[in-house]
Amino acid sequence: MLDIQLIRQDTEQVRAALAMRGSEFNIDEILNADKQRRELLQETEKLKAHRNTVSKDIGHMDNDGDRSKLVAEMRNVGDHISLLDRQVRDVESKLESLMLELPNIPDPGTPQGTNDNDNVTVREVGKERAFDFTPKPHWDIGSELGIIDFERGVKLSGSRFYILNNAGARLQRALISFMLDLHTSQGYSECYLPFMVKQINFTAAGQLPKFSDNIYHDVEDDAWFVTTAEVPLTNLHRDEILDSDILPLYYTAYTPCFRREKVTAGKEVRGIKRGHQFDKVEMYALTHPDESYRALEKLLADAEETCTKLGLRYRVRRLCTGDLGFGSRITYDIDVWAPGCNEWLEVSSISNCGDFQARRANTRFRPTKGTKTKYVHTLNGSGLGLPRTLIAVLENNQQADGTITIPEVLRLWMSGEETIG
RNA sequence: GGAGGGAUGGCCGAGUGGACUAAGGCGGUUGUCUUGAAAACAACUGUGGGGGAAACCUCACCGGGGGUUCGAAUCCCUCUCCCUCCGCCA
């Protein structure tokens, strides 16, 4: 959520900044509702102050004519107040829903652009491995080694579901453990989170109201399946006022992620790249506003370290204004190279959301004792998405004889095994 | 799932319709005293909104929402969460 005061004062800058995202937003309607709200508030509060004073006087009066005259008068004032209060409530809920639809303002340094073609590659790390045979895509590797079962996944749950077997399942588990341990050593505290959360968590994280299409949920129990650990992590300190000396807070968590993914089809469906259920290890930070850009670089460096430790070739891209996520001010993507399916796979998206989520989640801190509270800044980054990392590990480490060499950092969780197959 | 009991400020805890401007205590901050500390004493000690250049004024908030009333922490309805007991259960 943006600061309404900012919209009020720097209307044109806000309008211009949001326009860079490539869609129209109704700022005028917001300003209108805001003005209406304040006018109604002043009116109703004046009446309430009056009623409070008179009611107090009534309490001290004898039960005579004057008293009943005042009571009658206050009854009228009360009716007027409830009328105005109803109007205030209406305009406030209208204002709130409008505010919740507004995305974050892009960082001024964000490259201009309309879609992912305009994202800017910051650096490329690692060399492409020279194969003396044609590298296979992971769906062939997985089937041949019997470690990915597509048919039975579909039988159980429909398209976009698969089963990992034996070394496949174990390799994913090894990756999760490796990532969690690495992030812990990088200064994150690990947490195990609920995989279903209440709707309010999604609103606070900025996934609702806009992306309800993508979220599986059970209406009866207000149970919403997490689309990313970012959602519960954003809400860990919802409605809290933090002591400034505990900032920055760094968290890491493994969760499955559930997404409807209605939009894509065709080539995107092949293999395990984009399922309705996938695993992810997430990094998350809550920081002092002055520290969030430094924290962004930390998250990026920590995600990159995950790639280098696994020996993966990757590139870092800075997202353009048109590709930026709803709540983000600035986002880096990390893509790893997959030689079998012959494409860059996005394994991480690292964002500084500024105070956007903190406003929605009402997460504040007190800079120094006795001063007013301020909103923290929040950052999130995948560290990393599992299926795509698994794809990259399989495709990059395949051998001519069809076996897979297990990256050294993972062998600890693979009983010391060096190969699969 | 059933029955009963609860939810009050940073914490403990009093408060069953009008001085609640929420008692009292603990904790915290500042001050007095002291060489310093402790003790004692005193004052202050929540969040958010609106108006205002500011001083300041004002409104709301006693788990959430709604209602009754001139007036609600207090009465009514409803929801959530916690505790005790019973049932079921990995």
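Within every chain, numbering begins at 1; the chains are lettered A, B, ... in the order of the sequence lines, protein sequences first and strands thereafter. For the numbers below, each heavy atom of this structure counts, side chains included, while hydrogens, waters and symmetry mates do not.
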Identify each atom pair where a protein N or O and an N or O of nucleotides 46-48 of chain B are less than 3.5 Å apart, giving names and distance.
unit_1, atom_1, unit_2, atom_2, d
B:rU47, OP1, A:Arg366, NH1, 2.6
B:rU47, OP1, A:Arg366, NH2, 2.8
B:rU47, O3', A:Arg364, NH1, 3.0
B:rG48, OP1, A:Arg364, NH1, 3.0
B:rG48, OP1, A:Thr373, OG1, 2.3

Side chain to side chain donor-acceptor pair (under 3.5 Å) with A:Thr405: which residues, sequence neighbours excluded?
A:Gln399
Interface polar pairs with nucleotides 51-53 of chain B, N/O, under 3.5 angstrom:
unit_1, atom_1, unit_2, atom_2, d
B:rG51, OP1, A:Arg38, NH1, 2.9

Between A:Asp107 and A:Arg318, is there a side-chain N and carboxylate O pair less than 4.0 Å apart?
yes
Phosphate oxygens OP1/OP2 of B:rG66: is one of them under 4.0 Å from a side-chain N or O of A:Arg89?
yes
Taking only residues two or more places apart in sequence or in another chain, which ones pass side chain to side chain donor-acceptor pair (under 3.5 Å) with A:His50?
none
Set of residues satisfying side chain to side chain donor-acceptor pair (under 3.5 Å) with respect to A:Glu12, sequence neighbours excluded
A:Arg15
Do the ring centers of A:Phe326 and A:Phe356 come within less than 6.0 Å of each other?
yes
Quick test: give all pairs of protein nitrogen or oxygen and nucleotides 16-20 of chain B nitrogen or oxygen below 3.5 Å, distance rounded to 0.1 Å.
unit_1, atom_1, unit_2, atom_2, d
B:rG18, O6, A:Arg67, NH2, 3.4
B:rG18, N2, A:Ser55, O, 2.6

B:rA42: pairing nucleotide in any strand, Watson-Crick or G-U under 3.5 angstrom
B:rU30
Under the side chain to side chain donor-acceptor pair (under 3.5 Å) test, residues paired with A:Glu418 that sit two or more places apart
none
Quick test: give all pairs of protein nitrogen or oxygen and nucleotides 60-63 of chain B nitrogen or oxygen below 3.5 Å, distance rounded to 0.1 Å.
none

Using atom names, set out every protein N or O paired with an N or O of nucleotides 75-79 of chain B below 3.5 Å, distance rounded to 0.1 Å.
none

Which residues pass the salt bridge (Lys or Arg N to Asp or Glu O under 4.0 Å) test with A:Asp333, not counting sequence neighbours?
none
Sequence neighbours excluded, the answer for salt bridge (Lys or Arg N to Asp or Glu O under 4.0 Å) partners of A:Glu297 is none
When the distance from CD of A:Glu92 to C1' of B:rC59 is rounded to whole Å, what number comes out?
12 Å
Rounded interatomic separation in angstrom, taking CD1 from A:Ile200 and C1' from B:rG65:
13 Å
Just grab all the side-chain hydrogen bond (donor to acceptor under 3.5 Å, both in side chains) pairs involving residues 77-87 of chain A, residues at least two apart or on different chains.
A:Thr44-A:Asp85, A:Lys48-A:Asp85
